[in-house]
Number of protein chains: 2
Amino acid sequence: MKAARDAVDALEAYLRERELKMTGPRRKVLEVFLGIESHVTAEELFEAVKKVDPGIGQATVFRTVKLLEEAGLARAACRDDGPRRFEHAYRHEHHDHLVCTDCGAIVEFEEPEIERAQARVYRSHGYEPVAHSLELRGRCPACRRGSAAGRA
Amino acid sequence: MKAARDAVDALEAYLRERELKMTGPRRKVLEVFLGIESHVTAEELFEAVKKVDPGIGQATVFRTVKLLEEAGLARAACRDDGPRRFEHAYRHEHHDHLVCTDCGAIVEFEEPEIERAQARVYRSHGYEPVAHSLELRGRCPACRRGSAAGRA
DNA sequence: CTTTCTGCAAAGTGTTTGCAAAAAC
DNA sequence: GTTTTTGCAAACACTTTGCAGAAAG
């Protein structure tokens, strides 16, 4: 967990700055989060955290995730229906998501052309950019084959 | 309400096709929805419907909105936090949204370049397009001026 | 008449919050 | 020591659902 070190440091810096406290539960939630590569819901993260320390409560996980968002260590992604999903934000480049509507597989991508076009939209309406989310939904190659075989 | 006529016809066709029934509440919910230009939540629509017919229940509005979605007359938009918002989908072109993070003002836009780039992303990953949602968040000209004056 | 639809209230998600005890500083 | 944080459970916001009666076809 070399990479985790930096993220934990970043959280401590953020907490110190706001005169908040670094605690065991917060460190554990962050470490478990960093160890999960996929896009997790707070609930899933809670389940994973419980395996490390069953004493940590759900509310603490929800509160810590919010804290991580504020600290720039986590960000919400895939705002489809259902619970919010979070992904790593610390030293992770911006990207968008392509989600399979059948199996839920997620591809992350970056399209400079889209980013440029978005900047043009902001400019042409006089808006100051804050954030943007693009989610493409579709059927992945595997699911397309599966259902094509089943139907045809 | 000339335009509404077509939409009501479209709903009736959809219902007939599925052997479902056209009812007073459904017609009223659709008509009120069509009369609202902004992006409404089901709850807001319920409030508006109550003014026309106080006897219509909240569950009916929620159920009808879902029905309108299935029938292609409404679509969800602006999946930010909070309740889902719906917009007209009947004979309304696809577009994306630019939302002010301060006052909530919504600009609808269409960027062919973005659409083309999205198609490229689908193709390059072998996904079959199903739907996509792009939401740009930023501060609108009015809010920028307001807070700039207040702060500087 | 048979089936679907309705309104109500209750249950269901997913998330937040009030509180007294516990931990950080 | 003072302040923040924790875990629990209760509350919360939004949405769905079970049911008996009402309406549509």
Side-chain angles (χ1 to χ4, degrees), chain A residues 8 11-33 39-71 74-86, chain B residues 8 11-33 39-71 74-86:
Chain A
V8 173
L11 178 58
E12 287 190 325
Y14 177 84
L15 293 171
R16 208 165 16 247
E17 194 179 294
R18 311 251 167 158
E19 300 194 315
L20 301 176
K21 296 171 182 181
M22 173 51 94
T23 65
R26 283 178 177 169
R27 181 178 284 105
K28 285 173 189 164
V29 170
L30 174 54
E31 284 171 353
V32 170
F33 175 63
H39 302 69
V40 279
T41 64
E43 183 63 35
E44 288 165 356
L45 183 54
F46 171 49
E47 293 302 322
V49 167
K50 270 203 297 197
K51 286 175 192 155
V52 170
D53 182 345
I56 293 178
Q58 193 199 38
T60 298
V61 174
F62 274 83
R63 284 188 279 231
T64 303
V65 167
K66 178 180 280 189
L67 185 68
L68 295 180
E69 265 194 290
E70 290 162 8
R75 83 168 71 92
C78 305
R79 292 210 47 44
D80 220 338
D81 275 342
R84 298 176 71 185
R85 296 192 163 271
F86 298 90
Chain B
V8 173
L11 178 58
E12 287 191 323
Y14 177 84
L15 294 171
R16 207 163 18 244
E17 192 179 296
R18 310 249 166 159
E19 302 194 312
L20 301 176
K21 296 171 181 180
M22 174 51 95
T23 64
R26 284 179 176 168
R27 179 178 285 105
K28 284 173 189 164
V29 170
L30 174 54
E31 283 170 354
V32 170
F33 175 63
H39 301 69
V40 278
T41 64
E43 183 63 33
E44 288 165 357
L45 182 55
F46 171 51
E47 292 304 322
V49 166
K50 271 202 296 197
K51 286 174 191 155
V52 171
D53 181 345
I56 293 179
Q58 193 200 37
T60 298
V61 175
F62 274 83
R63 284 187 279 231
T64 303
V65 168
K66 177 180 282 190
L67 185 67
L68 295 180
E69 265 194 290
E70 290 161 8
R75 82 167 72 92
C78 304
R79 291 211 49 42
D80 220 338
D81 274 343
R84 299 176 70 184
R85 295 193 163 271
F86 298 90

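We name chains A, B, ... by the order of the sequence lines, and we start the count at 1 in each one. Because the structure is predicted, anything quoted here is derived from the model rather than measured.
Straight-line distance from the NZ atom of K21(B) to the C1' atom of dA22(D): 11 Å, rounded to whole Å. Atom P of nucleotide dT5(D) and atom CZ of F62(A) are separated by 19 Å, given to the nearest angstrom. Rounded to whole Å, atom C1' of dT5(D) lies 10 Å from atom CG of L20(A). With rounding to whole Å, Y14(A) atom OH is found 15 Å from dT4(D) atom C1'. A straight line from CD of E43(B) to C1' of dC12(D) spans 14 Å, rounded to a whole angstrom. Remark: P of dT15(D) and CZ of R85(B) are 10 Å apart, rounded to the nearest angstrom. Rounding to whole angstrom units, CD of residue E19(A) and P of dT2(D) are separated by 17 Å. Here the C1' atom of nucleotide dG25(D) and the CZ atom of R18(B) are 19 Å apart, to the nearest Å.
Within 6.0 Å of CD in E17(A) there are more than 12 heavy atoms belonging to other residues, nucleotides or ligands.
DNA chain C lies under 4.0 Å from at least one heavy atom of each of the following residues of residues 63-71 of chain A: R63(A), K66(A). In the region residues 46-58 of chain B, proximity to DNA chain C at under 4.0 angstrom, judged on heavy atoms, holds for G55(B), I56(B), G57(B).
Partners of F86(A) by ring pair (Phe, Tyr, Trp, His ring centres under 6.0 Å), not counting sequence neighbours: none found.
Heavy-atom distances to DNA chain D give each of T41(B) and T23(B) a nearest nucleotide, and the one nearer the 5′ end belongs to T41(B). Comparing F86(A) and A59(B), the nucleotide of DNA chain C nearest to each residue sits closer to the 5' end for A59(B).
Within the 4.5 Å cutoff, the side chain of V32(A) has no heavy atoms near those of the K51(A) side chain. By the 4.5 Å heavy-atom criterion applied to side chains, L20(B) and R26(B) are counted as neighbours. Residues V65(B) and F33(B) are not in side-chain contact: their nearest non-hydrogen atoms beyond the backbone lie 4.5 Å or more apart. A 4.5 Å side-chain heavy-atom check between E12(B) and R27(B) finds at least one atom pair inside the cut-off.
For dT5(D), the OP1/OP2 oxygens have no side-chain nitrogen or oxygen of T60(A) closer than 4.0 Å.
Here the NZ-NZ distance, from K28(B) to K50(B), works out to 15.0 Å after rounding to the nearest 0.5 Å. Between the CD atom of E69(A) and the OG1 atom of T64(A) there is a distance of 12.0 Å, given to the nearest 0.5 Å.
On the nucleic acid side, DNA chain C has its first and last nucleotide under 4.0 Å of a heavy atom of chain A at dG14(C) to dC25(C), going 5' to 3'.
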For residues 42-49 of chain B, run the donor-acceptor check on the side chains, cut-off 3.5 Å, and write out each pair with its distance to 0.1 Å, sequence neighbours left out.
unit_1: E43(B); atom_1: OE1; unit_2: Q58(B); atom_2: NE2; d: 2.8
unit_1: E44(B); atom_1: OE1; unit_2: T41(B); atom_2: N; d: 3.1
unit_1: E44(B); atom_1: OE1; unit_2: R85(B); atom_2: NH1; d: 3.2
unit_1: E44(B); atom_1: OE2; unit_2: R85(B); atom_2: NH2; d: 3.2

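For the helix from dC1(C)-dG25(D) to dC25(C)-dG1(D), the rotation axes defined at the first and last 5 base pairs enclose an angle of 30°, given to the nearest 10°.
Heavy atoms only, all atoms of each residue included: P25(A) and T60(A) are closest at CB-CG2, 3.9 Å.
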